[in-house]
Undergrad: 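Below you will find the structure I want to go over with you.
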Amino acid sequence: MRNIHTKILSVLFSILLFGSLISCEGPGSDNSAAALLGLDIPASATKSQFLNRYADLAFESYTQAELDASTLAAAVTTFDSNTNPSASDLTNLRNLWVKARASYLVTEAFRFSQGPIDTDTVLDCEPTGSVSQPHDCEGLLNAWPLDEDAVDSYINDGGNSVTSFASIYGEIGDTNLGGEPEPQEDKIVLTGYHPIEYLLWGKDTSSTGAGNRAASDFADATTDGARRRHYLKTITDRLVVHLGLIKDQWDPANTGNYRETFLDSANVNISVGNIFQGLGSFMAGEWGGERLTGVIGETQEEEHSCFSDTTKADFYYDAQGVLNIWTGNYTIQKGVNISTGPGLSNILSFRQQGAIQSEIESSRNIFCINLSDTESEDPNFRTSCPSGSLTHRFDQAISSADSQHGILVNVQRLIGSTLNRDFVAAAAAIGFSVVPE
C-alpha cells in the first residue's frame with residue numbers, strides 16, 4: 001500500500017513538473033516537453049493583446065531603424081563637408097550603413113499588411129513632391145532592383161552643383177537616365193538604401209569581394225565628386241525623414257494615426273487577418289520568392305544587396321523580423337531579447353502552430369554573416385560559422401557550380417513551400433484565409 005502511494009505521488013510530481021516547464025516556456029518557445037507528451041496548449045493571448053504587442057513592436061522596430069539611419073546621416077553630413085574625404089571616412093560610412101540596414105531589414109515583416117510602410121492611402125510619404133499621385137514609403141526606402149547607371153547619370157547631369165531632394169524625386173522612373181539597352185522605369189531608383197549602398201561601394205564585379213569605390217570619387221578635385229557627396233547627403237537625410245513618418249503612425253503618444261484604427265475594437269479581425277495575409281505574402285513573394293530568384297538565374301545582378309555583398313544579412317534579418325512577430329520578442333542580435341510580449345503564436349494553440357518557429361529559425365540560421373571586409377560591424381557578425389550554414393559569398397553561391405549552391409535551393413524550398421504551407425494552415429486553423437501574393 002505504501003509503495004502504491006509513493007508511485008502515485010511520483011506520477012503526480014512528474015505531471016506537475018512537465019506542467020511547470022510548459023507554463024514557463026509558453027507557446028512559441030521550445031515546446032519539446034509538450035510535443036513528447038502529445039499535449040496541446042491553449043492560446044495564451046487574446047487577439048487584442050497580440051495586436052497591442054504588434055503595434056508596440058512596429059513602433060520599437062521603426063524607432064531603432066530611424067535611430068540607426070540618423071547615425072549614418074550625421075556621419076554623411078560630416079563626410080559631405082570634407083572636400084577630400086579619406087578611405088577611412090568612407091569605411092566608416094559603409095560600417096554605419098551595414099548597421100542601419102540590419103535594423104531596417106527587421107521591419108520588412110510589417111510589409112504587405114495594409115499598414116503605413118506600403119499602403120499609400122494610409123501614409124503618403126511624399127505629399128508635396130512633384131509627382132502628383134501618392135507614393136508609398138517602401139518604394140522610396142527600399143526599391144529594388146536598381147539600374148545604378150541612373151544614379152551616375154543624375155549626378156553627371158548636374159556637375160558639381162548642389163542637388164535637392166525635390167529634383168531627385170522628380171527624376172525617379174525617368175528611363176532617359178537608365179544605362180541598360182532597354183531601360184525599365186521601375187529600375188530607375190534614385191532614393192533609399194540601395195542607391196546609398198551603390199554610392200558607398202560602387203559596382204561589384206569581383207568574385208572575391210564587394211564593390212570597391214575609391215574615396216577620391218567624392219573629392220572636390222574629382223569630376224562630380226562634390227555632387228556625389230551632396231547627393232549622398234540628400235538621400236540619406238530623406239531616408240531618416242521617411243522612417244520617422246512610418247514610426248509616427250505607430251507612436252502610442254500620437255492621436256489620429258494608423259495605430260488607433262489598427263487597434264480599434266471593431267477592427268480586431270481585420271487587423272489580424274491583414275497580418276496573416278501580409279506575412280504569407282512576404283514569405284512566398286519576397287523573402288522566399290523574389291529575393292531568391294538569383295538561385296535560378298545564377299547571375300550577380302540578381303543579388304539583392306549586390307554592391308556591398310551583404311545579401312546574406314538580407315535573408316538573416318528578414319527571418320528575424322518574421323520571428324519577432326511570431327514570438328512577440330524584439331530581437332536584432334541573436335539571443336538578445338530587447339523587449340517581449342505576446343506574439344502571433346500566442347493566439348494559436350500549440351497544435352495549430354506546427355513547426356513554424358523551428359522553420360523560421362532554420363531559415364535564419366542557414367545564413368552565416370562572416371565576411372570580414374563588409375560585415376564586421378553587423379550585430380551578428382561571426383568569425384566562425386556552424387557546420388552546414390552558408391559561408392560562401394552569396395554572389396558566388398547562387399551559381400550551381402558553387403559547392404554551397406544546394407543550401408540556397410533547400411532554403412528556397414523551406415521558406416517558399418514548407419513554411420508558407422504551414423503558415424497558411426495555422427491561419428486557417430483560427431479562421432483566417434491567406435492567399436500569398
Side-chain angles (χ1 to χ4, degrees), residues 61 64-65 67-69 71-72 91-111 138 141-146 192-198 200-201 204 206 209-211 239 243 282-283 286-295 300 302-324 330-336 338 360-386 389-398 404 407-408 411-412 414-415:
S61 300
Q64 187 63 51
L67 178 64
D68 290 339
T71 302
L72 170 63
T91 298
N92 179 50
L93 296 189
R94 289 171 177 168
N95 289 336
L96 292 173
W97 183 91
V98 166
K99 187 176 180 181
R101 181 71 177 155
S103 58
Y104 177 74
L105 286 164
V106 169
T107 72
E108 286 217 280
F110 295 106
R111 294 174 59 188
E138 204 280 336
L141 285 166
N142 196 41
W144 180 91
L146 164 68
Y193 287 95
H194 292 299
I196 296 172
E197 177 197 3
Y198 170 62
L200 296 180
W201 274 273
D204 174 19
S206 168
L239 185 85
L243 289 168
F282 181 62
M283 289 176 188
E286 287 284 322
W287 175 37
E290 193 169 325
R291 296 280 167 82
L292 280 162
T293 54
V295 179
Q300 281 186 315
E302 293 179 286
E303 181 188 15
H304 191 218
S305 295
C306 61
F307 311 114
S308 61
D309 248 3
T310 57
T311 301
K312 287 192 290 185
D314 292 301
F315 291 102
Y316 183 96
Y317 290 106
D318 278 352
Q320 186 62 59
V322 174
L323 191 62
N324 286 354
Y330 178 53
T331 300
I332 297 179
Q333 185 176 0
K334 186 178 179 181
V336 179
I338 300 170
I360 300 171
E361 290 173 341
S362 295
S363 303
R364 177 194 63 182
N365 296 340
I366 207 71
F367 293 95
C368 181
I369 299 170
N370 66 323
L371 305 180
S372 59
D373 58 335
T374 56
E375 296 178 309
S376 59
E377 296 302 316
D378 188 286
N380 289 287
F381 172 72
R382 300 184 64 139
T383 55
S384 61
C385 297
S389 61
L390 187 75
T391 59
H392 294 182
R393 290 179 177 277
F394 186 89
D395 64 357
Q396 302 307 303
I398 58 176
Q404 293 194 331
I407 294 176
L408 287 178
V411 81
Q412 185 180 38
L414 175 60
I415 301 170

Undergrad: Sequence neighbours left out, what passes ring pair (Phe, Tyr, Trp, His ring centres under 6.0 Å) with F394? Give chain and number order.
TA: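 In terms of ring pair (Phe, Tyr, Trp, His ring centres under 6.0 Å), with neighbours along the sequence ignored, F394 is linked to F315.
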Undergrad: Applying side-chain hydrogen bond (donor to acceptor under 3.5 Å, both in side chains), can you list everything that pairs with T391, at least two apart in sequence or on another chain?
TA: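 Result, side-chain hydrogen bond (donor to acceptor under 3.5 Å, both in side chains) vs T391: Q404.
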Undergrad: Using a strict cut-off of less than 4.0 Å between a Lys/Arg side-chain nitrogen and an Asp/Glu carboxylate oxygen, indicate whether R291 and D314 qualify as a salt bridge.
TA: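 No, R291 and D314 are not salt-bridged.
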Undergrad: Ring pair (Phe, Tyr, Trp, His ring centres under 6.0 Å) with Y193: which residues, sequence neighbours excluded?
TA: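 Per chain and number, Y193 pairs via ring pair (Phe, Tyr, Trp, His ring centres under 6.0 Å) with Y104.
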Undergrad: List in chain and number order the residues that pass side-chain contact (heavy atoms from CB on, under 4.5 Å) with T331, two or more places apart in sequence or in another chain; answer none if no residue qualifies.
TA: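 Residues passing side-chain contact (heavy atoms from CB on, under 4.5 Å) with T331: Q320, N324, N329, N337.
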Undergrad: Test of understanding: with ring pair (Phe, Tyr, Trp, His ring centres under 6.0 Å), list the residues that count as partners of H304, not counting sequence neighbours.
TA: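 Partners of H304 under the ring pair (Phe, Tyr, Trp, His ring centres under 6.0 Å) test: W144, H194.
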Undergrad: What pairs with Y317 under ring pair (Phe, Tyr, Trp, His ring centres under 6.0 Å), at least two apart in sequence or on another chain?
TA: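 By the ring pair (Phe, Tyr, Trp, His ring centres under 6.0 Å) rule, Y317 matches no residue at all.
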Undergrad: Could you grab the distance from atom CE of M283 to atom CG of L414, nearest 0.5 Å is fine?
TA: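 Answer for the CE-CG pair, M283 versus L414, is 10.5 Å.
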Undergrad: What residues form a side-chain contact (heavy atoms from CB on, under 4.5 Å) with I366, not counting sequence neighbours?
TA: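 Residues passing side-chain contact (heavy atoms from CB on, under 4.5 Å) with I366: I407, V411.
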Undergrad: Using the test salt bridge (charged side-chain N to carboxylate O under 4.0 Å, His left out), find all partners of D378 that sit at least two apart in sequence or belong to another chain.
TA: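 With neighbours one apart ignored, the set is empty.
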Undergrad: So I332 and V336, side-chain contact (heavy atoms from CB on, under 4.5 Å) or not? Walk me through it.
TA: CA-CA 7 Å; I332 297 179; V336 179; over 6 Å; no
Undergrad: With sequence neighbours left out, write down each residue that passes salt bridge (charged side-chain N to carboxylate O under 4.0 Å, His left out) with D204, or none if nothing qualifies.
TA: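 Partners of D204 under the salt bridge (charged side-chain N to carboxylate O under 4.0 Å, His left out) test: none.
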Undergrad: Side chain of D395, backbone of G209: donor and acceptor closer than 3.5 Å?
TA: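 No: the side chain of D395 does not pair with the backbone of G209.
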Undergrad: Could you pull out all residues at least two apart from R393 that satisfy salt bridge (charged side-chain N to carboxylate O under 4.0 Å, His left out)?
TA: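 With sequence neighbours excluded, R393 shows a salt bridge (charged side-chain N to carboxylate O under 4.0 Å, His left out) to D309, D373, given in chain and number order.
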Undergrad: Mind checking whether V106 and Y316 have side chains closer than 4.5 Å, heavy atoms only?
TA: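 V106 vs Y316: side chains apart.
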Undergrad: Who pairs with R111 by salt bridge (charged side-chain N to carboxylate O under 4.0 Å, His left out), at least two apart in sequence or on another chain?
TA: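 R111: salt bridge (charged side-chain N to carboxylate O under 4.0 Å, His left out) contacts with E108, E138, E286.
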Undergrad: From T383 OG1 over to I369 CD1, what is the distance, rounded to the nearest 0.5 angstrom?
TA: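 Interatomic distance, T383 OG1 to I369 CD1, rounded to 0.5 Å: 13.0 Å.
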Undergrad: For D68, what residues pass the side-chain contact (heavy atoms from CB on, under 4.5 Å) criterion, not counting sequence neighbours?
TA: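 Counting only residues at least two positions away or on another chain, D68 forms a side-chain contact (heavy atoms from CB on, under 4.5 Å) with Q64, K99, A100, S103.
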Undergrad: Where the side chain of R94 meets the backbone of T374, is there a donor-acceptor pair that is under 3.5 Å apart?
TA: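 Not a single qualifying donor-acceptor pair exists.
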